[in-house]
Amino acid sequence: MESKILVAGAGPIGLTFGCLLKKAGHDITLLGRPWHLEAIATRGLELDGLWGTHHAEGFKLATQAGELAGPYDLILIAVKAYDTREMVEEVASRLAPNGLAISLQNGLGNIETLAERFGPGRSLGASILVGAKIGEPGKATVTVQAAPVIIGPLDPAATGAMERTRHIAELFNEARIPCEPTDQILSHLWAKVFYNAPLNPLGALLHVHYGVLGERGELRAMMDEIVEEAFEVARRKGVRLLWNSADAYLELFYGKLVPATYNHQSSMLQDLEKGRRTEIDAINGKIWGYGRELGFPTPYNETMTRLIRAREQRSKDR
């Protein structure tokens, strides 16, 4: 059955989901920057890489919220984490009364921002250990995948929340987006932070791919500390974690996740290279902030946050 879906943020992940959902027969609106949308209007949207080669056209396109028709059955929030609140406010009135909003973003705090506007039963998070990039306007490439997409509501006990989550997971799978539903989305979002917090800033600061970080002892030692701090912060916040200890997670991290994304370079590095703001405050900065609230020091995550902020400022000053 056709769903009316808004992709709010036509970046690499937004375009990847939008292309596959359009090919699956859904009514897709892309909200993004003119330079992307002009190319898509002219020749359609292309996707290649690990999820195959695809072409889709016939999208509805908008460069600002005032152009949106709505109401939408599903809104996919795919902007950078620092733009979440602004985007949610811009599109909130376009969500159908029984519709769902899903954060496809990096970092912590996004699903809570959605819940403030839509309610915890209608607000879903997604753990996406999938990398994509845009080589040219109107074309995205899936470069890496370490796990299926995991989606779930902030409040799984809300009436109908899990039933609707399973429906969305089926919708994604039918569109060839590997997806699994969960009633523990916060556990999975923290798991993603355990992955991003060590790899993203170190890869960006040293300008290396993830494989290098996993092979050098001094860098592994730093990543161990970053993860251990994050793990303890999550535990003190009462998050139901997927592993009993940081060591158990690190065994998976070095044994499977880093090898599966060996040649990948972080989006944080791409942002710095283009002089753009990074999502450091939603990843390491969030761990540092939560640690301060809890009275628990997180010096490694604090250092990563300060160094990336300094790099951002240097780019602005040039």
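Numbering starts at 1 and runs along the sequence shown. Below, all heavy atoms of this structure are taken into account, side chains as well, without hydrogens, waters or symmetry copies.
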Hydrophobic cluster membership, with links at side-chain heavy-atom distances under 4.5 Å among I/L/V/M/F/W/Y: are Leu61 and Ile77 in one?
no
With side chains defined as the heavy atoms from C-beta onward, is the minimum distance between Phe17 and Ile128 less than 4.5 Å?
yes
Only one of Lys286, Glu229, Arg306 passes side-chain hydrogen bond (donor to acceptor under 3.5 Å, both in side chains) with Asn301; say which it is.
Glu229
Between Asn110 (side chain only) and Gln105 (backbone N and O only), is there a donor and an acceptor less than 3.5 Å apart?
no
Under 3.5 Å, is there a donor-acceptor pair between the side chain of Gln145 and the main chain of Leu129?
no
In Å and rounded to the nearest 0.5 Å, what is the CZ to CG distance from Arg122 to Asp155?
13.5 Å
Have a look at Ser3 and tell me which of Leu74, Leu171, Leu21 forms a side chain to side chain contact (heavy atoms under 4.5 Å, CB included) with it.
Leu171
Ignoring hydrogens and geometry beyond distance, is a side-chain donor-acceptor pair present between Thr63 and Glu67 at under 3.5 Å?
yes
Is it the case that over 12 heavy atoms from other parts of the model lie below 6.0 angstrom from the OH atom of Tyr300?
no
Keeping the roles fixed (side chain from Thr84, backbone from Ala81), state whether a donor-acceptor pair exists under 3.5 Å.
yes
Looking only at atom types and distance, does a side-chain atom of Tyr210 sit under 3.5 Å from a main-chain N or O of Pro259, one as donor and one as acceptor?
no
For Asp247, all residues meeting salt bridge (charged side-chain N to carboxylate O under 4.0 Å, His left out), sequence neighbours excluded:
none
Ile177 side chain reached by Thr16 side chain, heavy atoms, under 4.5 Å
no
Does the side chain of Thr143 reach to within under 4.5 Å of the side chain of Asn263, using non-hydrogen atoms?
no
With sequence neighbours excluded, tell me which residues meet side chain to side chain contact (heavy atoms under 4.5 Å, CB included) with Arg216.
Val212, Glu218, Leu219
How far apart are the closest heavy atoms of Pro12 and Ile134, and which atoms are they?
N-CD1, 3.7 Å
Counting N and O atoms only, with roles assigned by atom type, does the side chain of Thr261 sit under 3.5 Å from a partner on the main chain of His264, one being a donor and the other an acceptor?
no
Salt bridge or not for Asp27 and Lys22, using N-O below 4.0 Å?
no
Minimal non-hydrogen separation, Ala230 against Trp190, with atom names
O-CZ3, 3.7 Å
Are Leu76 and Ile5 close enough that some pair of their side-chain heavy atoms sits under 4.5 Å apart?
yes
Using a 4.5 Å cut-off on heavy atoms from C-beta on, say whether the side chain of Asn200 contacts that of Tyr195.
no
Where do Gly152 and Ile111 come nearest, in terms of heavy atoms and distance?
O-CD1, 4.1 Å
Does the gap between the ring centers of Tyr249 and Phe231 come in under 6.0 Å?
no
Please say whether more than 12 non-hydrogen atoms of neighbouring residues, nucleotides or ligands are located less than 6.0 Å from NZ in Lys23.
yes
Using a 4.5 Å cut-off on heavy atoms from C-beta on, say whether the side chain of Lys60 contacts that of Leu6.
no
Side chain Ser123, main chain Phe118, donor-acceptor under 3.5 Å:
no
No-hydrogen, no-angle side-chain donor-acceptor test under 3.5 Å, Thr141 and Asp48
yes
Quick check: do Pro178 and Trp51 have side-chain heavy atoms less than 4.5 Å from each other?
yes
Please report the C-alpha distance between Leu186 and Glu112 in whole Å, then the side-chain angles of each, then the deciding distance to 0.1 Å, and finally whether the side-chain contact (heavy atoms from CB on, under 4.5 Å) criterion is met.
CA-CA 10 Å; Leu186 288 180; Glu112 291 86 353; 3.8 Å; yes
Determine whether Val130 and Val144 make a side-chain contact, defined as any pair of heavy atoms from C-beta on separated by less than 4.5 Å.
no
Are Ile102 and Leu114 connected in a single hydrophobic cluster, I mean Ile/Leu/Val/Met/Phe/Trp/Tyr linked by side-chain heavy atoms less than 4.5 Å apart?
no
Check this for me, if you would: do Arg277 and Glu312 make a salt bridge, where the nitrogen-to-carboxylate-oxygen distance has to be below 4.0 angstrom?
no
Can you name the residues that form a side chain to side chain contact (heavy atoms under 4.5 Å, CB included) with Pro137, not counting sequence neighbours?
Trp35, His36, Ala39
Does any N or O in the side chain of Ser187 come within less than 3.5 Å of the main-chain N or O of Arg240, such that one atom is a donor and the other an acceptor?
yes
Expected output: side-chain Thr278 to main-chain Ile280 donor-acceptor under 3.5 Å
yes
Salt bridge check: are Glu232 and Arg235 linked by an N-O gap of less than 4.0 Å?
yes
Should Arg43 and Glu136 count as an ion pair when the cut-off is N to O under 4.0 Å?
yes
Run the ring-centre check on Phe296 versus Tyr290 and record whether the distance is less than 6.0 Å.
no
Nearest heavy-atom contact between Val7 and Gly14 is CG1-O, 3.5 Å
Ionic contact status for Arg85 with Glu116, cut-off 4.0 Å:
yes
Identify the two heavy atoms, one from Thr182 and one from Pro153, that lie closest to each other, and give their separation to 0.1 Å.
O-CD, 3.7 Å
Considering all heavy atoms, the nearest Ala161-Gly121 contact:
CB-O, 3.8 Å
Taken to the nearest 0.5 Å, the spacing of Met304 CE from Met223 CE works out to 11.0 Å
Determine yes or no for a side-chain-to-main-chain donor-acceptor pair under 3.5 angstrom, with Arg94 supplying the side chain and Pro71 the backbone.
no
Whether over 12 other heavy atoms sit under 6.0 Å from Arg33 CZ:
no
Tell me whether His209 contacts the main-chain N or O of Tyr262 through its side chain, where contact means a donor paired with an acceptor under 3.5 Å.
yes
